[in-house]
Amino acid sequence: MRLETLLIHGVEGDSATGAVNTPIYQTSTFRQHTVGQQGGYQYSRGNNPTRHALEEQMALLEGGAQGFAFGSGMAALTAVFHLFRAGDHVIASQNLYGGTSRVLDKIFSRFGLSVDYVEFGNLADIKAAIKPNTKALIIETPSNPTLMVTDIRAVTALASQRGLLTVADNTFMSPYLQRPLELGVDIVVHSATKFIGGHSDVLAGVVVAKDAKIAEELHYVQNLTGGVLGPFDSWLLLRGLKTLGVRMDRQSQNACELAAWLRSRPEVKKVYYLGLEDHPGYHLHQTQASGAGNVVSFDVGDGELARHILSGVKLCVLGDSLGGVESLVNLPDVMSHGSVPAERKIQMGVTPSLIRLSVGIEHPADIIADLEQAMQR
Ligand SMILES: *Cc1c(COP(=O)(O)O)cnc(C)c1O
């Protein structure tokens with residue numbers, strides 16, 4: 001099955017009743033037939049049929065051995081970092097999601113996991129950062145909010161030479177546009193809050209492991225630490241996933257129009273979009289993903305003007321998050337990247353006048369009209 005079909009017919013309904021959709025098994029525990037029953041469902045922290053259906057569906061979509069669903073993207077990343085132990089070292093991309101570097105720096109450092117941040121555009125820098133205790137490379141491509149692209153194949157080739165794990169945060173692309181496991185990555189992580197859910201109504205995270213051994217370790221961590229996703233939220237994601245393809249197509253198409261329009265505006269000094277040929281990551285991205293996605297960032301060169309636009313939008317929502325059906329705008333400098341050191345922000349292109357737009361599925365002319373009226377001084 002092609003991905004569009006897999007989204008609809010991958011994990012399908014309920015064989016016991018013929019229900020077309022997976023039921024919400026809103027239960028914490030299951031009746032056991034013998035004392036110490038092995039197999040089957042026993043307790044929902046360990047496994048729940050609704051969550052299981054979502055986890056299987058995500059494994060199918062990413063092409064992995066098994067998926068695991070958590071109560072947020074951060075809980076999913078936290079579970080992955082629990083695969084390491086005191087004294088281990090990981091190398092992460094400099095452009096990682098702020099929350100990911102925060103949990104490594106502020107929480108996992110307490111337990112003796114150390115991390116170095118490196119510019120993943122330069123393989124020599126990654127090589128130079130590898131130490132005897134290095135266990136993993138952590139990538140996120142494209143990055144937030146200026147869409148810098150990491151060469152997934154090159155990084156995984158280096159990792160396998162050196163016996164390192166690779167972890168990829170695939171939130172910005174979703175499996176519909178990019179499947180890192182097929183490019184050699186070992187573990188994919190999602191903030192399912194974004195495109196997987198797609199409706200800005202559920203907070204969730206998913207991990208998919210390529211092979212059974214890592215999957216077994218992740219299931220162990222998931223069951224022991226317990227940050228699991230509830231049955232109702234799992235069902236919301238199963239429902240959201242069915243339209244992932246049509247949403248992504250429409251959002252990418254809209255983003256393309258928005259990027260072209262923004263480029264024509266005198267207020268806009270710079271546009272970052274992976275569908276624009278002059279984006280530095282354009283060609284590399286095309287070799288590893290099948291679309292540019294829906295995030296368009298643009299710099300208006302003047303922080304006051306950026307704030308003026310953001311307080312003037314009526315249709316676009318000013319807020320954190322991305323990937324929902326509604327267009328959403330934010331000011332990374334003080335919102336999504338508020339906790340990133342000033343020097344790092346400038347390196348990443350996050351100026352006080354950079355606006356990030358997550359383009360929704362509205363009619364593009366209405367999104368354009370909204371931004372146009374907001375730009376009027
Ligand atoms: C939002 C996000 C996260 C964190 O996910 P939550 O669901 O908010 O916990 C991690 N990585 C990326 C790339 C994100 O955009």
Side-chain angles (χ1 to χ4, degrees), residues 54 58 62 67-82 90 92-108 115 117 120 138-150 152 166-178 180 185 187-208 222 225 227-230 233-234 236-237 240-241 244 248 251 272 274 281 285 289 293-297 317 319-324 328-332 335-340 348 350 356-359:
L54 167 68
M58 283 300 299
E62 288 284 4
F68 302 92
F70 296 88
S72 69
M74 289 318 303
L77 284 154
T78 293
V80 170
F81 298 145
H82 274 124
V90 297
S93 161
Q94 246 176 14
N95 306 315
L96 225 50
Y97 175 74
T100 313
S101 43
R102 207 158 14 150
V103 77
L104 286 168
D105 296 344
K106 306 290 183 203
I107 305 289
F108 283 91
V115 54
Y117 297 97
F120 267 39
I138 300 166
I139 62 186
E140 186 177 316
T141 181
S143 70
N144 180 14
T146 49
L147 309 169
M148 284 176 271
V149 179
T150 295
I152 301 176
T166 41
V167 178
D169 185 328
N170 199 29
T171 300
F172 265 52
M173 288 285 102
S174 89
Y176 185 67
L177 297 181
Q178 180 171 274
V185 165
I187 300 173
V188 160
V189 186
H190 283 279
S191 167
T193 310
K194 317 292 167 54
F195 294 98
I196 306 295
H199 295 73
S200 306
D201 53 7
V202 57
L203 199 71
V206 170
V207 181
V208 179
Q222 186 191 38
T225 59
V228 295
L229 192 66
D233 287 351
S234 298
L236 281 171
L237 293 192
L241 270 174
L244 176 67
M248 268 289 185
Q251 283 174 289
Y272 299 87
L274 280 169
H285 186 70
N294 85 324
V295 173
V296 182
S297 295
V317 177
D320 288 313
S321 200
L322 57 108
L328 213 135
V329 284
N330 88 0
L331 193 66
M335 294 174 70
S336 54
H337 291 63
S339 65
V340 177
M348 294 164 83
V350 178
R356 187 187 75 192
L357 168 62
S358 164
V359 183

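What's counted below: heavy atoms across the whole structure, side chains too, no hydrogens, waters or symmetry copies. Read the numbers this way: they start at 1 and go in the same order the structure lists the ligands and their atoms.
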Polar contact flag for Lys194 and ligand 1 (N/O pairs, less than 3.5 Å): yes
Glu140 heavy atoms within 4.0 Å reach ligand 1 at atoms 13 (C)
| said: Please report whether ligand 1 has a polar contact with Leu322, defined as an N or O pair separated by less than 3.5 Å (distance criterion only). | reply: no
heavy-atom search around atom 10 (C) of ligand 1 in the protein gives Tyr97 CD2, 3.4 Å
protein heavy-atom neighbour closest to atom 7 (O) of ligand 1 works out as Thr193 OG1, 2.6 Å
A student comparing Thr171, Asp169, Val189 should find that the heavy atom closest to atom 11 (N) of ligand 1 comes from Asp169
Check your understanding: Do any nitrogen or oxygen atoms of Thr100 lie less than 3.5 angstrom from nitrogen or oxygen atoms of ligand 1?
Key -> no
Quiz item: Can any side-chain N or O of Thr146 pair as donor or acceptor with the backbone N or O of Met148 at less than 3.5 Å?
Solution: no
**OP:** Please answer whether the main-chain N or O of Thr100 pairs with a side-chain N or O of Glu140 as donor and acceptor at a distance below 3.5 Å.
**Re:** no
If we number the atoms of ligand 1 from 1 as shown, the ones under 4.0 Å from a heavy atom of Ser72 are 7 (O), 9 (O)
*Is the backbone of Val359 close enough, under 3.5 Å, to the side chain of Asn294 for a donor and an acceptor to pair up by distance?*
yes
Counting from 1 in the order shown, the ligand 1 atoms closer than 4.0 Å to a non-hydrogen atom of Gly73 are 5 (O), 6 (P), 7 (O), 9 (O)
Per-atom filter on ligand 1: closer than 4.0 angstrom to a heavy atom of Ala204 are 7 (O)
Leu203 meets the side-chain contact (heavy atoms from CB on, under 4.5 Å) criterion, sequence neighbours left out, with Ser72, Thr193
- Distance-only, no hydrogens or angles: does the Asn95 side chain make a donor-acceptor pair with backbone N or O of Met348 under 3.5 Å? no
- Check: Pro145 main-chain N/O paired with Ser297 side-chain donor or acceptor under 3.5 Å: yes
Side chain of Gln222, backbone of Val228: donor and acceptor closer than 3.5 Å?
no
What about Met74: any of its N or O atoms under 3.5 Å from an N or O on ligand 1?
yes
So CZ of Phe70 and CG of Leu77: to nearest 0.5 Å the spacing works out to 9.5 Å
